[in-house]
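To start, the structure itself, in structure tokens.
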Amino acid sequence: MKIFLDSALIDQIKEVAGWGILDGVTTNPSHVAASGANPKDLYPEICSLVDGPVSLEAVSLEADAIVSEARELAKIADNVVVKVPIMKQGLIAVKRLAAEGITTNVTANFSAPQALLAAKVGAAYISPFVGQLDNAGHDGMKLVEQIRKIYDNYDYTTEIIVAAIRNPMHVVRAALCGADICTMNFQVLEMLTEHPLTDAILDRFLKDWEKVPK
Ligand code: E4P
């Protein structure tokens, strides 16, 4: 399963890339706002740091405008994936962009029918937001299971990016049900590397090592 960082912060992207586990990056307008940077400078820099797809979000709401925006974003680098929100105008745009060879990530997905339509119009990626579903009283990962089954039933090649991940168990469940990718923030990614029992045993080993004659 591929691991993406959900962030627009250069320092975080550089650090995770250094861990050797970074397969891609997803950004969104909130991340860009939090970075304080101008997207004109920020987007090319992120794309140059990542050896894998980088999702940059289109913010237009009408198909023609989404397509124009996506064409500009796609010029930034070869690894750009244009994020398009799931809605009627978004689907129209994704179909046209797919015909032009522009890769899209259909985002803000909260239902299986939405994911089915995204695959039908040629989205390269679908992003179900599991944490937000959990917060609304649903089991977000059930949606991922449904999408996996639907895509397998019809041999859709759209890759599932499990998004809005809040904890390591989201990642485990995503991997168990065969999701292609998990995208998560830096804090959750750090949690994946940690376990209190690992800390405890390392502590004991290092203390005992001090007693070894040298
Ligand atoms: C994923 O691509 C999104 O950027 C992200 O997961 C949005 O959801 P959140 O803000 O609830 O984490």
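All figures in this text were calculated on a predicted structure; none of them were measured in a lab. Whatever order the structure lists them in is the order used to number ligands and atoms, beginning at 1. Numbers here are sequence positions counted from 1.
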Quiz item: Any sub-3.5 Å donor-acceptor pair from E62's side-chain atoms to D64's backbone N or O?
Solution: yes

Quiz item: Starting from atom 10 (O) of ligand 1, which protein heavy atom do you reach first, and at what distance in Å?
Solution: Q132 NE2, 4.1 Å

Quiz item: What atoms in ligand 1 come closer than 4.0 Å to a heavy atom of T26?
Solution: 2 (O)

Quiz item: What do we get for A164 next to ligand 1 when only non-hydrogen atoms under 4.0 Å count, side chain, backbone, both or neither?
Solution: both

Quiz item: Which protein heavy atom lies closest to atom 7 (C) of ligand 1, and at what distance to 0.1 Å?
Solution: F129 CE2, 3.6 Å

Quiz item: Between the main-chain N or O of L189 and the side-chain N or O of T193, is there a donor-acceptor pair closer than 3.5 Å?
Solution: no

Quiz item: Would you find a donor on one side and an acceptor on the other, under 3.5 Å apart, between the side chain of D6 and the backbone of T183?
Solution: no

Quiz item: Between E57 and ligand 1, which part of the residue brings a heavy atom under 4.0 Å of the ligand: side chain, backbone, both or neither?
Solution: neither

Quiz item: For residues 125-141, which residue pairs qualify under side chain to side chain donor-acceptor pair (under 3.5 Å), counting only residues two or more places apart or in two chains?
Solution: N105-S127, D134-H170, D139-R173

Exercise. Please verify whether a non-hydrogen atom of T107 lies at under 4.0 Å from ligand 1.
Key: no

Self-check item: Test of proximity, N28 against ligand 1: N or O pairs below 3.5 Å
Solution: yes

Quiz item: With a 4.0 Å cut-off on heavy atoms, does K83 reach ligand 1?
Solution: yes

Self-check item: Candidate list V171, D180, D23, I181, test side-chain contact (heavy atoms from CB on, under 4.5 Å), partner M1, passing option
Solution: V171

Quiz item: Does any N or O in the side chain of R148 come within less than 3.5 Å of the main-chain N or O of G178, such that one atom is a donor and the other an acceptor?
Solution: yes

Self-check item: Polar atom proximity, R166 to ligand 1 (N or O, under 3.5 Å)
Solution: yes

Quiz item: What's the shortest distance from atom 5 (C) of ligand 1 to any protein heavy atom, and which residue and atom give it?
Solution: D6 OD2, 3.0 Å

Quiz item: Numbering the atoms of ligand 1 from 1, which are under 4.0 Å from a heavy atom of A163?
Solution: 1 (C), 6 (O)

Exercise. Check for a donor-acceptor pair, side chain of K83 on one end and backbone N or O of T27 on the other, with a separation under 3.5 Å.
Key: yes

Quiz prompt | A118 backbone acceptor or donor facing Y156 side chain under 3.5 Å | solution = no

